[in-house]
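First comes the structure, then the notes that go with it.
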Amino acid sequence: MYTEIHIKADELDESFLKSIRSMFKKKRISIIVEEEMDETEYLLQCEANRKMLMHSISQAEKGELVSVNIGKGKKK
């Protein structure tokens with residue numbers, strides 16, 4: 001069984017441990033702790049995404065915006 005839990009460190013308490021014990025009973029488990037990246041960090045870690053995002057920000061700052069009407073397309 002694989003379960004991924006996302007939780008803030010300050011929310012870890014005895015009830016969290018009890019729920020883990022309840023889910024896995026007497027089975028052996030592995031616990032891996034890693035700090036999550038926010039969406040911006042995630043997107044900027046790829047060079048291609050970073051270039052595209054920086055270019056888009058530059059365009060927006062210059063007023064080079066595109067207006068899109070979602071849901072106003074042709075109906076079939």
Side-chain angles (χ1 to χ4, degrees):
M1 176 179 174
Y2 174 83
T3 302
E4 187 169 328
I5 299 168
H6 299 264
I7 189 170
K8 293 180 182 176
D10 60 353
E11 294 173 342
L12 294 172
D13 58 11
E14 186 62 31
S15 66
F16 173 78
L17 291 175
K18 285 179 184 178
S19 67
I20 296 295
R21 285 187 197 115
S22 173
M23 281 193 300
F24 295 97
K25 306 268 184 237
K26 295 183 184 233
K27 296 177 183 172
R28 290 186 52 80
I29 63 172
S30 297
I31 298 175
I32 299 169
V33 178
E34 68 180 358
E35 189 175 345
E36 291 185 339
M37 283 189 261
D38 69 16
E39 293 85 5
T40 302
E41 288 175 310
Y42 176 78
L43 291 172
L44 293 177
Q45 73 180 355
C46 171
E47 183 64 26
N49 280 348
R50 183 175 28 258
K51 285 181 180 179
M52 181 184 67
L53 289 169
M54 293 305 168
H55 178 72
S56 294
I57 290 169
S58 174
Q59 286 179 303
E61 288 172 343
K62 295 175 189 173
E64 299 171 4
L65 304 174
V66 176
S67 178
V68 178
N69 292 321
I70 298 175
K72 301 264 181 174
K74 295 180 183 177
K75 293 188 179 189
K76 294 180 179 180

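Atoms considered below: every heavy atom in the structure, side chains included; atoms not considered: hydrogens, waters and symmetry mates. Since this is a predicted model, take the numbers as computed values, not measurements.
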Which residue pairs pass the salt bridge (charged side-chain N to carboxylate O under 4.0 Å, His left out) test with at least one member in residues 37-59, sequence neighbours excluded?
E47-R50

Salt bridge (charged side-chain N to carboxylate O under 4.0 Å, His left out) involving E11 - partner list, sequence neighbours excluded
none

By the salt bridge (charged side-chain N to carboxylate O under 4.0 Å, His left out) test, which pairs, at least two apart or in different chains, include something from residues 52-68?
none

hydrophobic_cluster_shared for M52 and V66, side chain cutoff 4.5 Å:
no

For K26, all residues meeting side chain to side chain contact (heavy atoms under 4.5 Å, CB included), sequence neighbours excluded
none

So, using side chain to side chain contact (heavy atoms under 4.5 Å, CB included) as the criterion, who are the partners of V33 when residues are at least two apart?
I31

Value rounded to 0.5 Å, distance of CD1 in I57 from CD in Q59
11.0 Å

Are Y42 and L44 linked, directly or through intermediate hydrophobic residues, by side-chain heavy-atom contacts shorter than 4.5 Å (ILVMFWY only)?
yes

Residues forming a side chain to side chain contact (heavy atoms under 4.5 Å, CB included) with I20, sequence neighbours excluded
I5, F16, M23, F24, I29

